[in-house]
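The shown structure was predicted, so the numbers you read here are calculated from the model rather than taken from an experiment. Counting starts at 1 for both ligands and their atoms, in listed order. Both backbone and side-chain heavy atoms feed into the values below; hydrogens, waters and symmetry mates do not.
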Amino acid sequence: MKSSTITEKQLKKIEHYINALFLEDTTGHDFFHMRRVANMAKYIATHEGEEPSIAEACGWLHDVGDSKIFNNPTKMREKLFLFLKSIQIDAVTVDHIGQSIEDISYVEGRTPVKIYGKIVQDADRLDALGAIGIARTFAFGGAHNQKIYSDTNDEQTSIQHFFEKLLLLKQTLHTDTAKVIANERHEVMENYLRHFFNEWHMI
Ligand code: ADP
Ligand code: NI
């Protein structure tokens with residue numbers, strides 16, 4: 001059975017739901033992260049010939065039920081499905097959304113099977129790159145009492161995160177649309193790191 005589209009009105013209700021859930025977050029998972037991922041997922045879907053409204057909804061909802069953010073992720077997801085039904089989203093579409101959330105919020109490294117999971121994982125990963133990715137990295141570092149950098153290599157630092165994860169991300173993307181954007185954001189990070197180390201070693 002084919003899923004239907006999600007209306008503008010339903011998307012607005014989803015946006016309000018997410019606004020209430022993530023309003024207070026300061027670790028890089030705030031409302032604006034959800035909005036960027038929703039918009040990017042919509043953009044990727046449009047360019048990949050998939051249904052943009054479903055991708056957008058999956059983008060808004062992708063971090064609901066993330067165990068890094070919520071104490072009881074299963075309960076959060078159950079509540080979410082009740083909410084989606086309450087705004088008259090049909091069962092097949094709720095299933096698509098559920099699968100994309102499962103797909104991307106599970107153990108890291110798992111590859112999504114379904115197209116909306118792939119699109120949202122790409123959108124989420126793009127938000128970890130570039131100028132915004134740099135800001136999120138240091139926001140995360142600050143929230144977790146992590147140093148910016150240490151040249152004695154005795155502890156985990158935010159700069160290390162670039163080499164351990166962020167510079168490797170562009171190789172892991174699924175869609176061609178996301179790969180093009182990732183190349184540009186990758187360069188922004190390389191330039192940034194070059195400047196960072198120039199300044200670090202300047203005097
Ligand atoms: P999401 O759940 O949105 O995929 P993550 O929870 O993996 O994102 O990370 C949130 C943000 O924090 C990302 O921008 C990521 O790069 C950054 N981050 C994750 N782990 C670290 C770390 N050890 N040091 C610095 N930044 C990190
Ligand atoms: Ni996310």
I need the atoms of ligand 1 closer than 4.0 Å to a non-hydrogen atom of [X], numbered in the order shown.
X	result
K165	7 (O)
L166	16 (O)
H33	3 (O)
D63	2 (O), 3 (O)

Distance-only N or O hit between ligand 1 and Q146, under 3.5 Å: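 It does: an N or O of Q146 is found under 3.5 Å from an N or O of ligand 1.
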Test of proximity, T157 against ligand 1: N or O pairs below 3.5 Å: no
Cluster check L129, V180: I/L/V/M/F/W/Y, side chain < 4.5 angstrom: no
With [atom] as the reference point, say which of [options] has the nearest heavy atom.
atom	options	value
atom 19 (C) of ligand 1	H144, H161, H29, M34	H161
atom 3 (O) of ligand 1	D124, T137, L169	D124
atom 13 (C) of ligand 1	R136, E164, H62, Q156	R136

Side-chain (Y116) to main-chain (E51) donor-acceptor, under 3.5 angstrom: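 Such a contact is found between Y116 side chain and E51 backbone.
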Contacts of Y149 that satisfy ring pair (Phe, Tyr, Trp, His ring centres under 6.0 Å) - sequence neighbours left out: F196, F197, W200
Does atom [atom1] of [X] have more than 12 heavy-atom neighbours, drawn from other residues, nucleotides or ligands, at distances under 6.0 Å?
X	atom1	result
E164	CD	yes
L168	CG	yes
E184	CD	no

Looking at every heavy atom in both [X] and [Y], which two are closest together, and how far apart are they?
X	Y	value
T137	H161	CG2-CD2, 4.1 Å
I54	I6	CA-CD1, 4.1 Å
P112	K118	O-CE, 3.3 Å

Ring centroid separation H33 to H62 under 6.0 Å: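 Between H62 and H33, which both carry aromatic rings, the centre distance is below 6.0 Å.
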Heavy-atom side-chain proximity of M189 to L167 below 4.5 angstrom: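 Heavy-atom side-chain distance check passes, below 4.5 Å.
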Number of protein N/O/S atoms that sit closer than 2.8 Å to the Ni ion (ligand 2): 4
Any Q160 heavy atom less than 4.0 Å from ligand 1: no
